[in-house]
There are 2 protein chains.
Amino acid sequence: MKALTKAEEQIMQILWDLKEGYVKEVLDKMDDPKPAYNTVSTFIRILETKGFVKHRPIGKSHQYYPIVTKDEYRSFSIRRLLSGYFGGSFTKMASFFAKEENLDAKEIERIMEEVKKDVK
Amino acid sequence: MKALTKAEEQIMQILWDLKEGYVKEVLDKMDDPKPAYNTVSTFIRILETKGFVKHRPIGKSHQYYPIVTKDEYRSFSIRRLLSGYFGGSFTKMASFFAKEENLDAKEIERIMEEVKKDVK
DNA sequence: TAGTTTTACCTAATTATTTAATAATTAATT
DNA sequence: AATTAATTATTAAATAATTAGGTAAAACTA
């Protein structure tokens, strides 16, 4: 998988959120100052050639949807961070974060319980 | 803090590792195919204008060293990932990772013990 | 000291990314 | 049907990132 550029990522975030959408709908979700309709259209077509998005023709128009899921990209992003900055170890990252946030043993445990509950 | 581009980040990783170094020394650490000396030199000067690096003059030459620490950039990177993909919550990211790696309660506990030990 | 090497600095060329104008086509409206 | 609006496709302009050539000054070497 290839990393998204910043502008591409913005569009993907919206498409992940919408599940599917027309260019217009994506544009509507964008923050002001909104880019031109064609700018969004161009990026979506770039994302399509990069294999992140597909479309189904609806009449003459296109409805776009993600084919790379947000979870897949999440996973890719975590792994990139881990390998670049924590020797590939999640434990190292967690320790780093805990130290930085001054988490004490109690708080670490609370997080762990939450994770355990969630994993079930 | 501003994000590093890919090429800038490569140089920073080497400087963090070296603690300090001449252009030549950074170049030596780079993987083949090595870029031109001037390419490295240019990037280091870009990093200097971005405030990531400084130099001390040694004779006529410059010895460069990071002023943004790897830890500072680590922190920035985690936070960017958390806010973009996990609603700012470390717990969410940990759960996501645990599920993805099929960690069971035992393994989660082992990680948290490690973290607790490390935080002390 | 004359030539070679090393280095920083300036500049430019190339490539990637971002943005959108223009053109073409279809759909909707009067 | 003619006009206007909506949409995709094509193209290009603007900006950012990457790469390195050329030049000048200093340092080293024969």
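Each chain gets a letter, A, B and so on, in the order the sequences are listed, and its residues count up from 1.
If you measure from atom NZ of A:K6 to atom C1' of C:dT17, you get 11 Å, rounded to the nearest angstrom. Following rounding to the nearest Å, B:I46 (CD1) and C:dC10 (P) show an atom-to-atom distance of 14 Å. Note: CD1 (A:I44) to P (C:dA20) measures 15 Å, nearest angstrom. Taking atom CG of residue A:L4 and atom P of nucleotide C:dA16, one finds them 17 Å apart after rounding to whole Å. The nearest whole Å value for the distance from the CD atom in A:E25 to the C1' atom in D:dT7 is 13 Å. Look at CG on B:L47: it is 10 Å from P on D:dT18, rounded to the nearest Å. Separating the NZ atom of B:K34 from the P atom of D:dT18 is a distance of 19 Å, rounded to the nearest angstrom. Atom CZ in A:F43 sits roughly 20 Å away from atom P in D:dT7 (whole-Å rounding).
Considering only side-chain N and O atoms, A:T5 lies under 4.0 angstrom from the phosphate OP1 or OP2 of C:dT18. Proximity of B:T39 to the phosphate of D:dA20: a side-chain N or O atom is located under 4.0 Å from OP1 or OP2.
Rounded to the nearest 0.5 angstrom, B:L47 CG and B:I67 CD1 are separated by 10.5 Å. Between B:K29 atom NZ and B:K34 atom NZ the span is 9.5 Å, to the nearest 0.5 Å. In this structure, the separation between NZ on B:K2 and CZ on B:F52 is 8.5 Å, given to the nearest 0.5 Å.
Side chain of B:T42 to backbone of B:N38: a donor-acceptor contact under 3.5 angstrom is found.
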Item to check | Steps toward side-chain contact (heavy atoms from CB on, under 4.5 Å) verdict (A:I44, A:V53) | outcome: CA-CA 7 Å; A:I44 292 183; A:V53 159; 4.2 Å; yes

Checklist outcome for this item: Contact string for nucleotides 2-9 of chain C, one letter per nucleotide 5' to 3', B = base within protein heavy-atom range under 4.0 Å, S = sugar-phosphate only, - = neither, reads -----SSB

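In this structure, the side-chain hydrogen bond (donor to acceptor under 3.5 Å, both in side chains) partners of A:E20, at least two apart in sequence or on a different chain, are A:R56, A:Q63.
Other residues, nucleotides and ligands place no more than 12 heavy atoms under 6.0 Å from the NZ atom of A:K54.
Place A:A36 and A:G59 on DNA chain C by their nearest nucleotides, and A:A36 ends up nearer the 5' end.
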